[in-house]
Engineer: 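Please find one structure pasted underneath; my questions will follow.
This is a predicted model, so every value here is computed, not measured. The analysis underlying the following values was restricted to heavy atoms, covering all of them including side chains, and did not include hydrogens, waters or symmetry mates. Below, read A as the first sequence line, B as the second, and so on, with proteins coming before strands; counting in each chain starts at 1.
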2 protein chains.
Amino acid sequence: MLPGSGTTSENAMTTAQKTPITVLSVDDHPMLREGIASVIGAEEDMRLVGEACNGLQAIECYRRLRPDVTLMDIQMPDMNGIDATIAIRAEFPDARIVVLTTYEGDALARRAIAAGAAGYLLKSMLRKELLATVRNVHEGRRCIPAAVANGIAQHWHESALSKREVEVLQLVAAGQSNKRIGMHLAISEETVKVHMKSILAKLNASDRTHAVTRAIERGIIDLHACGQVGGSY
Amino acid sequence: MLPGSGTTSENAMTTAQKTPITVLSVDDHPMLREGIASVIGAEEDMRLVGEACNGLQAIECYRRLRPDVTLMDIQMPDMNGIDATIAIRAEFPDARIVVLTTYEGDALARRAIAAGAAGYLLKSMLRKELLATVRNVHEGRRCIPAAVANGIAQHWHESALSKREVEVLQLVAAGQSNKRIGMHLAISEETVKVHMKSILAKLNASDRTHAVTRAIERGIIDLHACGQVGGSY
DNA sequence: CGCCCGCTAACCCGATAGGGTGATGGTTGA
DNA sequence: TCAACCATCACCCTATCGGGTTAGCGGGCG
C-alpha cells in the first residue's frame, strides 16, 4: 500500500536530526488535533509548528509558518479544506497538503486531488499510516490509500455530474418538485426533467431519492447545504 | 452551559489524590483515542485504564476493567455504541457511560439516553467540555450539551417513527418503489403508502426524498445500511 | 470546419406518488 | 373497559415522475 515505506522512513530518520519535518494541523475537532499533536510530537523527525481550526485560519497560518506538510480536514466551518487547499496552492505551488476526511466518498477525493492535494487520508487511519504519509508527501510523493483509490477507480468510468446537475440534485434533496426547481433556477420544468434523466443515468440510480442517497454517499452533495434552500415548504 | 463546573472540578481534585477516576475509551478512530488519551493523561484526577475500538470489545473491556466512566463512540463496526451501552447497562446498571458522536442528530441522542447513557458529547467538543463531563458523570450527574438538548427539544413534540416506518424509509432511501417495498416486507403496496403518509407527516417532509434527507440528518436512518438492500436494481 | 457535449425546451404517455376516506384487528396502558 | 396507537388493506383521484423522442444554441476540440 505504501511502497518502500521501510527504507523511506530510514532515509527520513538520518536527515531528520538536522531539520525536522514541520507540520501544520488543520481540523475543527480539538480532540483530533490533540491526537495528531501527540503522534507527531512523539516522532524525532517531525515537529508540529501550528494548528488551525478552519480554512481561513489555515491560509493565514500557512503564510506565516510555511510548514513542510499540512494536514487539512475537509469539513470545516467558515472555509472548507478543499477551497483552502486551492487557495494555498495558488499562492504557494510547492505546498504539500494532505487532506483528511471521515468519508470515503470518491467525489470528495477527486476534488481534493484536483485541488492539488498530495495525499488523502481517512480519519480512521492508524498512526503508522499518518506518519508514513507525512514522510512520503514530504519527499514529494503522492500518497493515496488503497481504499480511496479503489473508490475512485470504481467510479472512474462514470462521468461526473455537471455543475447544473449538482444544483438540481441539491434542490431535489431538499424535497423540491421539478416544477419548483425550475422556478428556483429560472428554467423550464421540462429542462429540469432532462437534467434529472441525466443525473439518474450518471449515478445509476432508480429514482430521485436513490440519486440523492448515492450522491451523499459519494460526497457529491452534502446534507448540511440542503436544508437551507427554498424553505417555503 | 455546565453549571457549577468550577466547584465540581475542585471537589474532584481533592478526592482525586487517593483514587483517580478510571476511564475507558471506545472509538474506532485511533487518532481520536490518542487525543482523548493525551487529554485524560494530563489530568491528575483521571486515569485512562483501557481502550476499545468497537462495541464487542467495549463490553469485554468493561467486564474486565470496571471503569468509573466510559467514553463510547456511536458509529463503530461490528457493534455500535448504543447497543454496547444497552448491553453494559443491562449487566452493570451503575455503569456511567458518555456517548460521543459526530452529528447532532436528535434521534441518536434520544436513543443514547434511552439506552441509559449518562452523558452525550459531540466530537467537536473542547478538552474542557470533555473533562467537565467526565467529572460530572462520575459524580452521578447527567450531562447533555446545550446544542444537543436544543435539538431534542426542537423535535420533542414530534412523535418518533415506528419500527415499521423506519424499515420502510430505509428501503425508500435505497431507491425502492412502494410496490417493491411491499414485496420486500411481504405487505401490500397500499399499506406501504399508509406508512409513507405517516412518515411524511411525522418528519414534516414534502416528499419521500425530503423524508430521507431529514431522517439522515436526524440520525433516524443511516446511509451505510441503505446500499445493502434489495440490490437487484 | 464539423463533432460532441452541456443547457435549453417541448410533446406524449404509462407508472408512480401522495392525499382523502374508511375499515379491521392487535397491543398497551390509563 | 375504553382510548390510543400501530399495522394491515382497499378504493378513488390528481399531481408528479420518469422514459422516449426531437430540436435549437453555444462552446471546446481535433
Side-chain angles (χ1 to χ4, degrees), chain A residues 107 110 114 156-215 220-221 229-230 232-233, chain B residues 107 110-111 114 155-215 220-221 229-230 232-233:
Chain A
R110 284 165 80 162
W156 190 245
H157 58 101
E158 301 172 16
S159 37
L161 294 193
S162 72
K163 194 175 169 183
R164 199 53 151 177
E165 285 159 357
V166 173
E167 286 177 338
V168 169
L169 195 53
Q170 198 83 246
L171 291 163
V172 169
Q176 307 276 324
S177 69
N178 290 342
K179 190 179 295 183
R180 293 178 62 98
I181 294 170
M183 294 190 300
H184 201 278
L185 297 178
I187 58 178
S188 145
E189 177 187 354
E190 298 302 318
T191 304
V192 176
K193 289 171 83 171
V194 173
H195 287 312
M196 274 310 302
K197 258 182 283 201
S198 168
I199 291 168
L200 294 177
K202 286 182 179 176
L203 295 180
N204 194 29
S206 54
D207 61 24
R208 52 176 50 218
T209 306
H210 197 197
V212 166
T213 57
R214 297 198 76 147
I220 295 170
I221 64 175
V229 200
S232 77
Y233 171 76
Chain B
R110 284 165 78 162
R111 274 200 283 161
H155 298 287
W156 189 246
H157 58 100
E158 301 172 17
S159 37
L161 294 193
S162 72
K163 195 174 169 182
R164 198 54 152 177
E165 284 160 357
V166 174
E167 285 177 339
V168 169
L169 194 52
Q170 198 85 242
L171 290 163
V172 170
Q176 308 277 323
S177 68
N178 290 341
K179 190 178 295 183
R180 292 178 62 96
I181 294 170
M183 293 190 299
H184 201 279
L185 298 178
I187 58 178
S188 146
E189 178 188 352
E190 297 302 316
T191 304
V192 176
K193 289 170 84 170
V194 174
H195 287 313
M196 274 310 302
K197 258 182 284 201
S198 168
I199 291 168
L200 294 177
K202 285 182 180 178
L203 295 180
N204 194 30
S206 53
D207 61 25
R208 52 174 53 218
T209 306
H210 197 199
V212 167
T213 57
R214 298 198 73 148
I220 295 169
I221 63 175
V229 199
S232 78
Y233 174 76

Engineer: Measure CE/A/Met196 against P/D/dG20 and give the value in whole Å, please.
Structural biologist: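 It is 15 Å, rounded to the nearest whole Å.
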Engineer: Test your reading of the model: is there a side-chain donor-acceptor pair from B/Arg208 to the backbone of B/Met196, 3.5 Å cut-off?
Structural biologist: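 Answer holds: no.
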Engineer: Main chain of B/Ala173, side chain of A/Thr213: is a donor-acceptor contact present, judged purely on distance under 3.5 Å?
Structural biologist: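 A pair under 3.5 Å: yes.
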Engineer: What does the B/S/- profile of nucleotides 21-28 of chain C look like, 5' to 3', with a 4.0 Å heavy-atom cutoff to protein?
Structural biologist: B-------
Engineer: Do A/Arg180 and A/Leu171 make a side-chain contact, defined as non-hydrogen atoms from C-beta onward lying under 4.5 Å apart?
Structural biologist: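 Counting from C-beta outward, A/Arg180 and A/Leu171 never come under 4.5 Å.
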Engineer: Has B/Ser177 got a side-chain N or O lying under 4.0 Å from the OP1 or OP2 atom of C/dA15?
Structural biologist: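 No, no such contact exists.
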Engineer: Rounded to whole Å, how long is the line connecting atom CD1 of A/Ile181 with atom P of C/dT8?
Structural biologist: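 Computing the A/Ile181:CD1 to C/dT8:P distance gives 13 Å.
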Engineer: Starting from C1' on D/dC6, measure out to CG on B/Leu161 and report it in whole angstrom.
Structural biologist: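 Value for this atom pair: 13 Å.
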Engineer: I want to verify a distance call: between C/dC7, C/dA17, C/dG6, whose nearest atom is closest to the A/Glu165 side chain?
Structural biologist: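 Ranking C/dC7, C/dA17, C/dG6 by closest atom to the A/Glu165 side chain puts C/dC7 first.
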Engineer: Is any N or O donor-acceptor pair between the side chain of B/Glu190 and the base of D/dC11 shorter than 3.5 Å?
Structural biologist: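 Looking at the base of D/dC11, it does pair with a donor or acceptor on the side chain of B/Glu190 (distance under 3.5 Å).
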Engineer: Indicate the atoms forming the closest heavy-atom contact of B/Glu190 with B/Ser188, along with that distance.
Structural biologist: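 Residues B/Glu190 and B/Ser188, closest heavy atoms: N-OG, 2.9 Å.
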Engineer: What pair of heavy atoms forms the shortest contact from A/Ile181 to A/Val168, and how long is it?
Structural biologist: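 Closest pair (atom of A/Ile181, atom of A/Val168, distance): CD1-O, 4.0 Å.
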Engineer: Are any of B/Asn178's side-chain N or O atoms less than 4.0 Å away from OP1 or OP2 of C/dA17?
Structural biologist: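 For B/Asn178, the contact criterion (side-chain N or O under 4.0 Å from OP1 or OP2 of C/dA17) is met.
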Engineer: Distance check needed: C/dC5 P versus A/His195 NE2, whole Å only.
Structural biologist: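 From A/His195 NE2 to C/dC5 P: 16 Å.
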Engineer: To the nearest 10°, let me know how far the axis at one end of the helix from C/dC1-D/dG30 to C/dA30-D/dT1 is tilted from the axis at the other, five pairs an end.
Structural biologist: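 The angle, to the nearest 10 degrees, is 50°.
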Engineer: Treating B/Ser206 as the side-chain partner and A/Gly175 as the backbone partner, does any N or O pair qualify as donor plus acceptor under 3.5 Å?
Structural biologist: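 Side chain of B/Ser206 to backbone of A/Gly175, a donor-acceptor pair under 3.5 Å: yes, one is there.
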Engineer: Reckon A/Thr191 touches a base, only the sugar-phosphate, or nothing at all at heavy-atom distances under 4.0 Å?
Structural biologist: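 It contacts base atoms.
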Engineer: Nearest whole angstrom, please: distance from the C1' of D/dC11 to the CD of B/Glu189.
Structural biologist: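 Result: 13 Å.
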Engineer: With the side chain counted from C-beta on, respond yes when A/Leu161 and A/Leu169 share a heavy-atom pair under 4.5 Å apart, and no when they do not.
Structural biologist: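 Heavy-atom side-chain distance check passes, below 4.5 Å.
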Engineer: If each of A/Thr209 and B/Ala186 is mapped to the nucleotide of DNA chain D with the nearest heavy atom, which maps nearer the 5' terminus, i.e. the 5' end?
Structural biologist: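 It is B/Ala186 whose nearest nucleotide is closer to the 5' end.
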Engineer: Rounded to the Å, how far apart are A/His210 NE2 and D/dG18 P?
Structural biologist: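 Roughly 13 Å, once rounded to whole Å.
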Engineer: What is the distance, to the nearest angstrom, from the CG atom on B/Asp207 to the C1' atom on C/dT16?
Structural biologist: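 Those two atoms, CG and C1', are 13 Å apart.
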Engineer: Test your reading of the model: is there a side-chain donor-acceptor pair from B/Arg164 to the backbone of B/His195, 3.5 Å cut-off?
Structural biologist: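 Looks like no, no N/O pair under 3.5 Å.
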Engineer: Indicate the atoms forming the closest heavy-atom contact of A/Ile199 with A/Glu165, along with that distance.
Structural biologist: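 Nearest heavy atoms, A/Ile199 then A/Glu165: CD1-O, 3.4 Å.
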Engineer: Starting at NZ of A/Lys193 and ending at C1' of C/dC13, how long is that distance when rounded to a whole Å?
Structural biologist: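 Rounded to whole Å, this separation is 10 Å.
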Engineer: If the cut-off is 4.0 Å, is B/Ser162 near the phosphate of D/dA7, judged by side-chain N/O to OP1 or OP2?
Structural biologist: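 Checking D/dA7 against B/Ser162, a side-chain N or O does come within under 4.0 Å of OP1 or OP2.
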Engineer: Using every non-hydrogen atom in the two residues, find where B/Leu203 and B/Ala211 come nearest and quote the distance to one decimal.
Structural biologist: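 The pair with the smallest heavy-atom distance is CD1-O, 3.5 Å.
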Engineer: Is any side-chain N or O of B/Arg164 closer than 4.0 Å to OP1 or OP2 of D/dA7?
Structural biologist: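 So the side chain of B/Arg164 is outside the cut-off, no N or O lying under 4.0 Å from OP1 or OP2 of D/dA7.
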Engineer: OP1 or OP2 of D/dA15 less than 4.0 angstrom from a side-chain nitrogen or oxygen of A/Lys179, does that happen here?
Structural biologist: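 For A/Lys179, the contact criterion (side-chain N or O under 4.0 Å from OP1 or OP2 of D/dA15) is not met.
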